[in-house]
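Here is the structure we will look at, set down as structure tokens.
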Amino acid sequence: MTARGGSHPRAAARRRWHFVLPGSLEATTGGTRYDRRVVAGLRSASWDAAVHELPGDYPRPETADVAAARCTFARVPDGALVAVDGLALGALPAEARAHARRLRLVALVHHPLCDETGLAPAVRDALLASERASLAHVRAVVVTSAATARRLAELDLVPATTPVHVVEPGVDAAPPSPARRPGETCRLVSVGGLTTRKAHDDTANALSGLTELDWTWTVVGRTDQESACADALLTRVAADGLRSRVEITGELDDASLAAVLERSHVLVHPARYEGYGMAVAEALSRALPAVVSTGGALGDTAPEDASLRFEPGDVDGLRDRLERVVRDANVYASLRAGAERARSATRPWERVADAFRAVLEEVAE
């Protein structure tokens with residue numbers, strides 16, 4: 001359990017808020033990158049942030065360090081403005097209830113906890129009940145997509161009187177990646193941890209039927225979140241004779257990830273579900289077209305003229321889209337043009353921080 005606060009010569013003139021999240025703010029998951037950019041953006045706009053990093057494996061209460069969380073909340077002064085990442089808050093209904101009156105609580109929900117892929121029914125039901133109980137005690141909810149806002153309503157997770165604000169992620173300005181030249185190997189890239197929800201195994205299964213085409217595939221993401229899933233992907237790649245064409249890099253820092261995207265041609269994102277899809281937005285910021293599922297918010301994140309879509313889990317559909325974009329130069333060129341148009345409409349992180357700050361200001365009044 002750690003707490004970090006910003007400093008400034010005119011500290012008395014700066015507003016202060018607290019941000020609570022599971023694990024390190026420096027982690028490279030999409031959700032934590034969002035958290036990090038919001039904290040940085042508000043600090044640059046005269047809002048000091050005290051960041052509280054909770055130990056333990058969230059969101060399940062049996063693996064979360066609830067005692068450390070209880071200590072963290074108890075140390076926050078009365079009347080403080082506190083935003084809590086939903087991955088942690090959903091597992092802490094007792095803490096939310098205990099501090100709801102004395103703290104101004106705001107929940108940041110990337111996606112409902114019960115929508116994680118592969119959950120046993122009993123676990124799903126427990127997470128649904130726990131998150132609903134936690135969100136009953138916050139003054140506002142921030143979600144990262146309109147699709148997540150709709151999903152909260154479908155699941156009746158938020159009281160009707162609690163405002164829900166959509167604050168979508170942003171992207172950094174970046175030069176476009178070079179377009180694929182005629183006769184050049186098509187360099188496919190996927191970004192996301194090797195987990196069941198990210199469904200990289202679907203891509204491996206699809207590509208195993210396209211070995212006559214000229215492609216390579218790079219997978220960027222953590223390998224330690226679901227070791228069985230990571231091992232199965234490595235085994236499948238080896239069994240299908242794809243090892244010479246597939247690179248699994250593991251987790252990369254932002255600069256190394258940018259370098260991978262700079263030399264790629266097409267993003268492949270087969271996730272079963274996403275609360276937004278930051279990998280897609282970041283690929284579009286470099287004019288990379290996408291082959292993407294419609295899981296969760298992905299149907300909203302990827303423009304139709306810049307992507308080929310398929311239903312989550314439809315390996316045959318994924319294989320068909322991959323074949324089209326790799327084999328047909330006209331299909332690729334059309335999608336590339338759409339991605340270049342989407343690139344011009346990307347949202348800078350400064351706007352995201354401004355929107356998040358407006359929610360905090362409303363709660364602080």
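Note that the coordinates shown come from a computational prediction; the quantities given were computed from them, not determined experimentally.
Without hydrogens or angle criteria, Ser134 side chain to Ala96 main chain gives no donor-acceptor distance under 3.5 Å. Of the possible polar contacts, none joining the Arg43 side chain to the Asp48 backbone as a donor-acceptor pair under 3.5 Å is found. The main-chain N or O of Leu155 is found under 3.5 Å from a side-chain atom of Arg132 such that the two form a donor-acceptor pair. Proximity of a side-chain donor or acceptor of Ser130 to a complementary backbone N or O of Leu127 within less than 3.5 Å is not detected. Without hydrogens or angle criteria, Arg222 side chain to Leu194 main chain gives no donor-acceptor distance under 3.5 Å. Remark: side-chain polar atoms of Thr346 are paired, donor with acceptor, to backbone N or O of Arg343 under 3.5 angstrom. Proximity of a side-chain donor or acceptor of Arg102 to a complementary backbone N or O of Gly79 within less than 3.5 Å is not detected. A donor-acceptor distance shorter than 3.5 angstrom exists from the side chain of Ser208 to the backbone of Asn205, with no hydrogens or angles considered. With Ser293 contributing its side chain and Gly295 its backbone, the two residues share a donor-acceptor pair below 3.5 Å. In this structure, Glu247 contributes its side chain and Trp217 its backbone to no donor-acceptor pair below 3.5 Å.
Between Arg197 and Glu274, at least one side-chain nitrogen of the basic residue sits less than 4.0 Å from a carboxylate oxygen of the acidic one, meeting the salt-bridge criterion. Look at Asp316 and Arg319 and you find a salt bridge, because one of the NZ, NE, NH1 or NH2 atoms lies within 4.0 Å of a carboxylate O, short of that distance. Between Arg236 and Asp201 there is no salt bridge, since no side-chain nitrogen of the basic residue lies less than 4.0 Å from a carboxylate oxygen of the acidic one.
In this structure, the separation between OG1 on Thr218 and CZ on Arg263 is 6.0 Å, given to the nearest 0.5 Å. Of the inter-residue distances, the one linking Leu298 atom CG with Arg309 atom CZ reads 9.0 Å to the nearest 0.5 angstrom. To the nearest 0.5 Å, the span separating NE2 on His269 from CG on Leu318 amounts to 12.0 Å. Residue Arg180 holds its CZ atom at 12.5 Å from OG of Ser264, rounded to the nearest 0.5 Å. For the atom pair Leu234 CG and Ile248 CD1, the distance stands at 4.5 Å (nearest 0.5 Å). Going from atom OG of Ser24 over to atom CD of Glu53 covers 4.5 Å, rounded to the nearest 0.5 Å.
Test Val142, Thr29, Asp35 against His110 for side-chain contact (heavy atoms from CB on, under 4.5 Å) and you get one pass: Asp35.
Aromatic ring orientation, Tyr34 versus Phe356: perpendicular (interplanar angle above 60°, classes split at 30° and 60°).
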Q: Could you give me the CA-CA distance, side-chain angles and deciding distance for Leu108 and Leu21, then say whether side chain to side chain contact (heavy atoms under 4.5 Å, CB included) is met?
A: CA-CA 10 Å; Leu108 168 58; Leu21 77 158; over 6 Å; no
(Q) Does Val291 form a side chain to side chain contact (heavy atoms under 4.5 Å, CB included) with Arg324? I'd like the steps, not just the answer. (A) CA-CA 10 Å; Val291 175; Arg324 288 165 58 190; over 6 Å; no
Q | Arg33/Glu282 under salt bridge (charged side-chain N to carboxylate O under 4.0 Å, His left out): CA gap, chis, key distance, verdict | A | CA-CA 12 Å; Arg33 290 166 68 194; Glu282 290 172 351; 2.6 Å; yes
**Q.** Working for salt bridge (charged side-chain N to carboxylate O under 4.0 Å, His left out), residues Arg104 and Glu365
**A.** CA-CA 10 Å; Arg104 299 175 182 269; Glu365 290 178 356; over 6 Å; no
**Q.** Derivation and outcome, ring-ring contact (aromatic ring centres under 6.0 Å, His included), residues His111 and Tyr273
**A.** CA-CA 9 Å; His111 68 79; Tyr273 182 92; 5.5 Å; yes
Q: Test Arg124 against Glu116 for side chain to side chain contact (heavy atoms under 4.5 Å, CB included), laying out the working first.
A: CA-CA 8 Å; Arg124 180 187 183 278; Glu116 186 64 49; over 6 Å; no
Q.
Using side chain to side chain contact (heavy atoms under 4.5 Å, CB included), reason through Val106 and Val82 one step at a time and then give a plain yes or no.
A. CA-CA 6 Å; Val106 176; Val82 184; over 6 Å; no
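Of all heavy-atom pairs spanning Leu113 and Pro59, the tightest one is CD1-CB, 3.7 Å. Closest approach of Glu184 and Asp214 over heavy atoms only: C-OD2, 4.2 Å. Nearest approach of Pro303 to Leu284, heavy atoms of both residues: CD-CD1, 3.5 Å. Heavy atoms only, all atoms of each residue included: Arg336 and Arg286 are closest at NH1-O, 4.3 Å. Among all heavy-atom pairs drawn from Arg16 and Leu81, the shortest one is O-CB, 4.5 Å. Nearest heavy atoms, Ala146 versus Val166: N-CG1, 3.7 Å.
Taking the side chain to side chain contact (heavy atoms under 4.5 Å, CB included) definition, one finds that Asp57 meets it with Thr63, sequence neighbours left out. Under the rule for a side chain to side chain contact (heavy atoms under 4.5 Å, CB included), the partners of Asp300 that lie at least two apart in sequence or sit in another chain are Ala147, Arg150.
Looking at His265 and Tyr332, their side chains come closer than 4.5 Å, going by heavy atoms from C-beta outward. Looking at Val138 and Val158, their side chains never come closer than 4.5 Å, going by heavy atoms from C-beta outward. Using a 4.5 Å heavy-atom cutoff, the side chains of Glu168 and Thr144 are not in contact. Proximity of Thr162 to Val141: side-chain heavy atoms (C-beta onward) are separated by under 4.5 Å at one or more points. Side chains of Leu188 and Thr216 form no contact here, defined as non-hydrogen atoms less than 4.5 Å apart. By the 4.5 Å heavy-atom criterion applied to side chains, Val143 and Leu152 are counted as neighbours. Residues Thr148 and Tyr276 fail the side-chain proximity criterion, which asks for heavy atoms closer than 4.5 Å. Using a 4.5 Å heavy-atom threshold, the side chains of Ser190 and Leu267 count as separate.
Taken together through direct or relayed side-chain contacts under 4.5 Å among Ile, Leu, Val, Met, Phe, Trp and Tyr, Val266 and Leu242 form part of one hydrophobic cluster. Residues Val268 and Val260 fall into different hydrophobic clusters, defined by Ile, Leu, Val, Met, Phe, Trp and Tyr side chains chained together at heavy-atom separations under 4.5 Å. Two different hydrophobic clusters hold Val246 and Val220 under the rule that ILVMFWY side chains link at heavy-atom gaps under 4.5 Å. With hydrophobic clusters built from ILVMFWY side chains whose heavy atoms lie under 4.5 angstrom apart, Val171 does not share a cluster with Leu257. Tracing side-chain contacts under 4.5 Å through hydrophobic residues (I, L, V, M, F, W, Y), one never reaches Val325 starting from Val292; they form parts of separate clusters.
Under the 6.0 Å distance and 45° angle rule, Arg245 counts as a cation-pi partner of Trp215.
When the shell of 6.0 Å around CD of Glu154 is examined, it contains more than 12 heavy atoms from other residues, nucleotides or ligands. Environment of CZ in Arg347: crowded, with over 12 heavy atoms of neighbouring residues, nucleotides or ligands closer than 6.0 Å.
Under 3.5 Å, the side chains of Glu226 and Thr196 contain a donor-acceptor pair of N or O atoms. In the model, Arg97 has no side-chain atom that pairs as donor or acceptor with a side-chain atom of His137 under 3.5 Å.
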